[in-house]
Amino acid sequence: ALLSVLNNILDYSKIEARKLILETTLFNLNDVVGDLVAMLSYKAEQKHLCLETHIEDNVPRKLIGDPLRLQQILTNLVANALKFTEKGFVRITITSAAVHENEEKLTFAISDSGIGMDEKGLSTLFQPFSQVDTSFTRKYGGSGLGLMITKELVELMGGEISVQSRLGKGSTFSFTVLFPCAVQTMSEPPEQDALLPQHKPLHLLLVEDNDLNQLVASERLKQMGITCSIANNGLEAVEMVQKETFDAVLMDLQMPVMDGLSATREIRKLGFADLPIIALSAAVLQDDLALATEAGMNDFVAKPIDKTVLQNVLAKWLSV
């Protein structure tokens, strides 16, 4: 809960300073919606609500834009709908509005059978640090920033957001987003596991300070037939690469004693120029990727670790 509040305040600060920048990458709409449902379905189950999704057949699944920010918008709206709905349903509907000058306009609608709002409540919805009713803060919680940030993100994506609601009859939040039409020159990420080199057993160094993350990453590697040694921080990693031979290093960015960026610089200084070092981090902002590349890292895998993504990245660098 605290992390959610902090993220909202940081986003609000970026918006106020006009420093919030959107990513541009190829992504699959089904993945965004699937991740959203997986993340919030337990909340619906706890309240015995039906969480429904409907994507019309003519909606393109391959889109170019910022999938993380799109998911943030949907998460804010669906989480709100679940919060203010005690029985019935929450429904996500995605339709294609139009194609104009190489742009695809999609409409997203989040409907619920919740408590709804009156005209007075609707007038204060998108104002920062505001709640429809002050009593809501005690009963439902919230910082009052989610909808304001959602509106700003939608407008950054070239769209607009609106709401229809009746007190006691539920609400429907609708927003549009403009996506550039996907072009053939952009390469899509591979959807199947790439083949790892088979000429010798592979042994990696996993640099990670969190016990649970160590378990998850080592299990992913084990499923691929790869063994690994574990370093608990960057300093241990620098010492271990000098004593043992590794085919690659999986390096967390944020660790005590010595972080991943500093450890990578030290390893490169020691002469390990050809050793693949792959960043592992939950931080996936463009600035983080740039810092990792500048420090000498070869690639980046986001947490939580997806087995297919990890195997494809390893296959790329271990086959060089």
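The model shown is predicted, which means the values in this text are computed figures rather than measured ones.
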Output all residues satisfying side chain to side chain contact (heavy atoms under 4.5 Å, CB included) with [X], sequence neighbours left out; order by chain, then residue number.
| X | result |
| --- | --- |
| Asp209 | Asp252, Met255, Pro256 |
| Arg61 | Asn28, Asn30, Ile55, Val59 |
| Asn80 | Lys83, Phe84, Leu147 |
| Lys43 | Leu40, Leu82 |

Can you confirm whether [X] sits close enough to [Y] that some side-chain heavy atom of one is under 4.5 Å from a side-chain heavy atom of the other?
| X | Y | answer |
| --- | --- | --- |
| Ile73 | Met157 | yes |
| Leu202 | Leu318 | yes |
| Thr107 | Phe175 | no |
| Thr150 | Leu77 | yes |
| Lys222 | Thr227 | no |
| Leu205 | Leu250 | no |
| Ile92 | Phe108 | no |
| Leu314 | Ile278 | yes |

Mind checking what makes side chain to side chain donor-acceptor pair (under 3.5 Å) contact with [X], not counting sequence neighbours?
| X | value |
| --- | --- |
| Thr176 | none |
| Asp112 | none |
| Ser113 | none |
| Asn210 | none |

Handout entry: Counterpart residues, ring pair (Phe, Tyr, Trp, His ring centres under 6.0 Å), relative to Phe27 (two or more places apart)
Key = none
Exercise for the section: With rounding to the nearest 0.5 Å, note down the distance linking SG in Cys50 to NZ in Lys87. Expected result: 15.5 Å
Fill in the blank from the handout: The reported gap from CD in Glu103 to CG in Leu178 (rounded to nearest 0.5 angstrom) is 5.0 Å
Problem - Donor-acceptor pair, side chain of Arg268 and main chain of Gly296, under 3.5 angstrom - result: yes
Handout entry: N/O donor-acceptor pair under 3.5 Å between Thr93 side chain and His54 backbone
Key = no
Atom [atom1] of residue position [X] - does it have more than 12 heavy atoms of other residues, nucleotides or ligands inside 6.0 Å?
| X | atom1 | value |
| --- | --- | --- |
| Glu160 | CD | no |
| Asn58 | CG | yes |
| Glu56 | CD | yes |

Handout entry: Any donor-acceptor N or O pair under 3.5 Å, side chains Asn232, Gln214
Key = yes
Exercise for the section: For the residue pair Ser96 and Glu104, confirm or rule out a side-chain donor-acceptor distance under 3.5 Å. Expected result: yes
Residues 257-267 side chain polar contacts: donor-acceptor under 3.5 Å, at least two apart:
unit_1 : atom_1 : unit_2 : atom_2 : d
Asp259 : OD1    : Leu261 : N      : 2.9
Asp259 : OD1    : Ser262 : N      : 2.8
Asp259 : OD1    : Ser262 : OG     : 3.3
Asp259 : OD2    : Ser262 : OG     : 3.4
Thr264 : OG1    : Gly260 : O      : 2.8

Problem - ring-ring contact (aromatic ring centres under 6.0 Å, His included) contacts in which one or both residues fall within residues 237-264, not counting sequence neighbours - result: His203-Phe246
Practice task
Would you kindly confirm whether Val313 and Ile305 end up in one hydrophobic cluster when ILVMFWY residues are joined by side chain heavy atoms under 4.5 Å apart?
Solution key: yes
Exercise for the section: Consider only side-chain heavy atoms of I, L, V, M, F, W and Y, link residues closer than 4.5 Å, and tell whether Met240 and Val238 are in one cluster. Expected result: yes
Handout entry: Which residues share a salt bridge (charged side-chain N to carboxylate O under 4.0 Å, His left out) with Glu239, sequence neighbours left out
Key = none
